[in-house]
Amino acid sequence: MKKSYKPLNSVLIKPAGPDCNLNCSYCFYLEKAELFNKEKVHRMSDEVLEETIRQSMQQSGDSISLTWQGGEPTLMGLDFYKKAIKLEQKYGKRKTVGNGLQTNGVLIDEEWAEFLAQYNFLVGLSIDGPQHIHDYYRLTQNNKPSWEIVKKSAKLLINKGVAVNAMCCVTSYSAKYANEIYSFYKENGFEWMQFIPIVETDKDNPSKAAEFSVTAEQFGKFMIEIFDLWLNDFKDGKPTTNVRFIDTVFHTYVGLPAPECTMNKECGVYPTVEHNGEVYSCDFFVETKWKLGNIKHNKLIDMLNSKKQNQFGLLKSKIPRKCRTCSWYKHCFAGCTKDRIKDPQDSGMPRFCKSQIMFLEHADPILKKLAQEWKNQQEDIQKGSVPGKYYNAWDDFIK
C-alpha cells in the first residue's frame, strides 16, 4: 500500500447537478450547467444513485459520510432519498453511515422534516441571517425574497429535532453585521454555525473580484467579532454554541487533524459525484481539467487515489515562501486552494491570508489556554481521574 493511499471516508454527491430553485447573486455553481449543455434539467438516475451508494459502502471502512449538495438537492424529491436510504441499508451492512443535506430550505415541509429526523441527517441550512441580510442576495428565480420561506423551514426542522447547521455566506454586505447574525442564530435555536467567506470573479471584469466578495480585512474583523461573541457565551466554562471555523482552528491547537480540508496540508480527500456519474476532484473544481472519471466505469477508491487526484491534493502545498516561514502556517496551511489559485492577491499570497493572521493574533492567547485545558483533561481521562469541568463540553466540541 502506497504512503499516499487515501481511504474513502466521505463522498459529496450532487444529484440535481447545478439546478436550483433560487438565483442567489453570489452562487458559483449555476454556471456549471455549461458542462452539461446537452441537458436542460439535471437529475441523477436510479442507476447512478445505486452505483454511487454501492461503491461508497463497499470501498469504505467501518464508516462513511455522504453529503447531498447542489445546486439544490431537494429538487430530486423525497422519494429519491428514501431510495438512497434503502440502498445504504442494502449495501452498508454493519457500517456507520452519516448523511448530510445542504439545502436552501425552500422545499422543506413536514414530511421532509420527519424523514430527515428519522434518519439522523445533518442539515446545512443556507440562511444568511436576519431578513435584510438574507434577502440582499438570496432571491428566487423571479427575484422575490426567500427569507420568510427559509425561516419557516428552519423552525420546522428544529422543532422536529433535526440537527441543523446554519450556513452563512459572508459577503461585503453581511460582514458588517456579525453581532446581528450571531444573535439571530441564537434566538432561533441554531447552536451550530458555519461562516463561509464569499469571493467570485466579476463577470464583466475578470481581473477583479465581484462587488459582493468579502475582503480579507472585512472577513478578519467579522470572525474576530464572532469569536468574542462565542467566548462571551461560555457558561460554567463550557461553550454553548459551536462555530465551525473556531472548531477547525482549535483542532490545530491540540495536535489533531483539522476536520476541514481547507486547514490541512493537503486536500482532495473527498470525491465529488455529479448527477450523471462524473467524478471530480472537488466541488469547487468541477471542470474538465479535474474530471477523474465516471462512477459507471471507474471505482471511487481508484479515482480518489489516482495520479490526477494526487496532483490536485498537492496544489495546496504549492504556496509562497512567505507562508512557510509564517508562524501561523501550522494553523491554516494557507487556507483553501480555490482562494489562492482562482483569486490570489497581487502579492501572490492567499486571498484570506490577512484575515487568518488577524483572527489568530486576536484569538491565540485564549485558544492556547483552552487547548491546555483540553490536554489536561485527556491526561486525567487516561489516568482514570475524574474528568475536569470542561470534559463534557470540549468532548463534544472536538468532535
ask   = Quick check, are the ring centers of Tyr280 and Trp290 under 6.0 angstrom apart?
value = no

note = NE2 of His42 to CG of Leu35, rounded to nearest 0.5 Å, is 9.0 Å

query = Leu157 versus Val123: any side-chain heavy-atom pair under 4.5 Å?
reply = yes

query = Between the side chain of Ser60 and the main-chain N/O of Ser56, is any donor-acceptor distance below 3.5 Å?
reply = yes

inquiry  = Would you say that Gln311 contacts Leu315 through its side chain, given a criterion of any heavy-atom pair below 4.5 Å between the two side chains?
reply    = no

Minimum heavy-atom distance Ala16-Glu72, with the two atoms named = CB-O, 3.7 Å

task = State, yes or no, whether a side-chain contact exists between Ile64 and Gln59 at a heavy-atom distance under 4.5 Å.
result = no

request  = Check whether the side chains of Thr241 and Tyr185 place a donor and an acceptor atom closer than 3.5 Å, and report yes or no.
outcome  = no

query = Do Asp302 and Ser306 have side-chain atoms, one donor and one acceptor, less than 3.5 Å apart?
reply = no

Under-4.0 Å salt bridge between Glu110 and Lys160 = yes

message = Could you tell me if Gln55 and Glu51 have a donor-acceptor pair between their side chains, going purely by distance under 3.5 Å?
response = yes

request  = Scan Asn99, Thr103, Thr74 and name whichever one has a side chain to side chain donor-acceptor pair (under 3.5 Å) with Trp68.
outcome  = Asn99

query = Taking 4.0 angstrom as the limit, do Asp46 and Lys83 come out as a salt bridge?
reply = yes

Short side-chain donor-acceptor distance under 3.5 Å, Asp128 and Tyr26 = yes

Any Cys24 side-chain heavy atom under 4.5 Å of Tyr137 side chain = no

query = Should the pair Lys369-Glu373 be classified as a salt bridge under the 4.0 Å nitrogen-to-oxygen rule?
reply = yes

inquiry  = Starting from Phe121, can I reach Met167 by hopping between I/L/V/M/F/W/Y residues whose side chains sit under 4.5 Å apart?
reply    = yes

key: Phe333 six-ring face occupied by Lys265 cation (under 6.0 Å, within 45°)   = no

key: Salt-bridge criterion met for Lys90 and Glu50 (N-O under 4.0 Å)   = yes

task = Indicate yes or no for a side-chain donor-acceptor contact from Ser65 to the backbone of Gly98 under 3.5 Å, with no hydrogens or angles considered.
result = no

request  = Would you indicate whether Lys155, at its atom NZ, is surrounded by more than 12 heavy atoms from other residues, nucleotides or ligands within a distance under 6.0 Å?
outcome  = no

inquiry  = Suppose we call two aromatic rings close when their centres sit under 6.0 Å apart. Are Phe312 and Phe285 close by that rule?
reply    = yes

request  = With the side chain counted from C-beta on, respond yes when His134 and Val150 share a heavy-atom pair under 4.5 Å apart, and no when they do not.
outcome  = yes

ask   = Between Trp147 and Phe184, what is the ring plane arrangement, given parallel below 30°, perpendicular above 60°, and tilted in between?
value = tilted

key: No-hydrogen, no-angle side-chain donor-acceptor test under 3.5 Å, Gln372 and Asn376   = yes

task = Assign the ring pair Phe227 / Trp230 to parallel, tilted or perpendicular, where the plane angle (0 to 90°) is split at 30° and 60°.
result = tilted

inquiry  = Please find the pair of heavy atoms, one from Ile198 and one from Cys169, that lie closest to each other, and give the distance.
reply    = CG1-CB, 3.5 Å

request  = Could you walk me through whether Glu111 and Lys82 pass salt bridge (charged side-chain N to carboxylate O under 4.0 Å, His left out), step by step?
outcome  = CA-CA 12 Å; Glu111 189 179 4; Lys82 290 179 179 178; 3.4 Å; yes

task = Report whether Val269 and Leu304 are members of the same hydrophobic cluster (ILVMFWY, side-chain heavy atoms less than 4.5 Å apart, transitive linking).
result = no

inquiry  = What I want to check is whether the side chains of Lys14 and Thr272 have a donor and an acceptor closer together than 3.5 Å.
reply    = no

task = Give the minimum heavy-atom separation between Asn294 and Met303, together with the two atoms involved.
result = N-SD, 4.0 Å

message = If hydrophobic clusters are built by linking Ile, Leu, Val, Met, Phe, Trp and Tyr wherever their side-chain heavy atoms come under 4.5 Å apart, do Ile196 and Tyr270 end up in the same one?
response = no

request  = Classify the ring geometry between Tyr253 and His331 as parallel (under 30°), tilted (30 to 60°) or perpendicular (over 60°).
outcome  = parallel

remark   = What one should report as the nearest heavy-atom pair of His362 and Asp228 is NE2-OD1, 2.7 Å

remark   = Heavy-atom closest pair (Leu300 atom, Thr52 atom, distance to 0.1 Å) is CD1-O, 4.2 Å

Minimum side-chain heavy-atom gap Leu367-Asp364 below 4.5 Å = no

ask   = Out of curiosity, Asp135 CG to Asn143 CG, how far, rounded to the nearest 0.5 Å?
value = 11.5 Å

note = Interatomic distance, NZ@Lys338 vs CG@Asp283, rounded to 0.5 Å, equals 9.5 Å

message = Taking the ring of Tyr119 and the ring of Tyr81, is the distance between their centroids below 6.0 Å?
response = no

ask   = Can you name the closest pair of heavy atoms from Thr248 and Ala258 and give their distance?
value = CG2-CB, 3.6 Å

task = To the nearest 0.5 angstrom, please state how far the CD1 atom of Ile53 sits from the CD atom of Gln89.
result = 10.5 Å

inquiry  = Between Asp19 and Arg43 (salt bridge meaning N to carboxylate O under 4.0 Å), is one present in this structure?
reply    = yes

query = Taking Lys316 for the side chain and Gly335 for the main chain, is one N or O donor matched with an acceptor at less than 3.5 Å?
reply = yes

inquiry  = Using ring centroids (six-membered ring only for Trp), state whether Tyr136 and Tyr173 fall under 6.0 Å.
reply    = yes

ask   = Is Leu122 linked to Leu101 within one hydrophobic cluster, defined over Ile, Leu, Val, Met, Phe, Trp and Tyr using a side-chain heavy-atom separation of less than 4.5 Å?
value = no

key: Polar side chain donor-acceptor pair, Glu180 to His132, under 3.5 angstrom   = yes

query = Is the closest basic N to carboxylate O distance between Glu278 and Lys291 below 4.0 Å?
reply = yes

query = Under 4.5 Å between side-chain heavy atoms, hopping through other hydrophobics if needed: is there a path connecting Ile366 to Leu229?
reply = yes

task = Check whether any side-chain heavy atom of His275 sits under 4.5 Å from a side-chain heavy atom of Pro15, and report yes or no.
result = no

query = Can you tell me if Gln218 uses its side chain to pair, donor with acceptor, with the backbone of Thr215 under 3.5 Å?
reply = yes

task = For residues Arg324 and Ile319, determine if any side-chain heavy atom of one lies less than 4.5 Å from a side-chain heavy atom of the other.
result = yes

task = Mark yes or no for whether Thr240, through its side chain, and Phe234, through its backbone, hold a donor-acceptor pair below 3.5 Å.
result = no

task = Please check if atom CG in Asp62 has more than 12 non-hydrogen atoms from other residues, nucleotides or ligands closer than 6.0 Å.
result = no

key: Gly105 backbone acceptor or donor facing Ser153 side chain under 3.5 Å   = yes

message = As an exercise, state the distance from NE2 of His251 to CH2 of Trp374, rounded to the nearest 0.5 Å.
response = 8.0 Å

message = I'd like to know if the side chain of Asn104 reaches the main chain of Val106, judged simply by a donor and an acceptor atom lying under 3.5 Å from each other, with no hydrogens or angles considered.
response = yes

query = Is a side-chain donor-acceptor pair under 3.5 Å present for Asn310 with Lys6?
reply = yes

query = Can we say Glu225 and Lys221 salt-bridge, meaning some charged N sits less than 4.0 Å from an Asp/Glu carboxylate O?
reply = no

key: Separation of Leu8 CG from Met57 CE (nearest 0.5 Å)   = 9.0 Å

query = So with a 6.0 Å cut-off around NZ of Lys95, is the heavy-atom count from everything else above 12?
reply = yes

Test: Lys354 and Glu217 ion pair at under 4.0 Å = yes

ask   = Parallel, tilted or perpendicular for Phe222 and Phe219, by the 30°/60° rule?
value = parallel

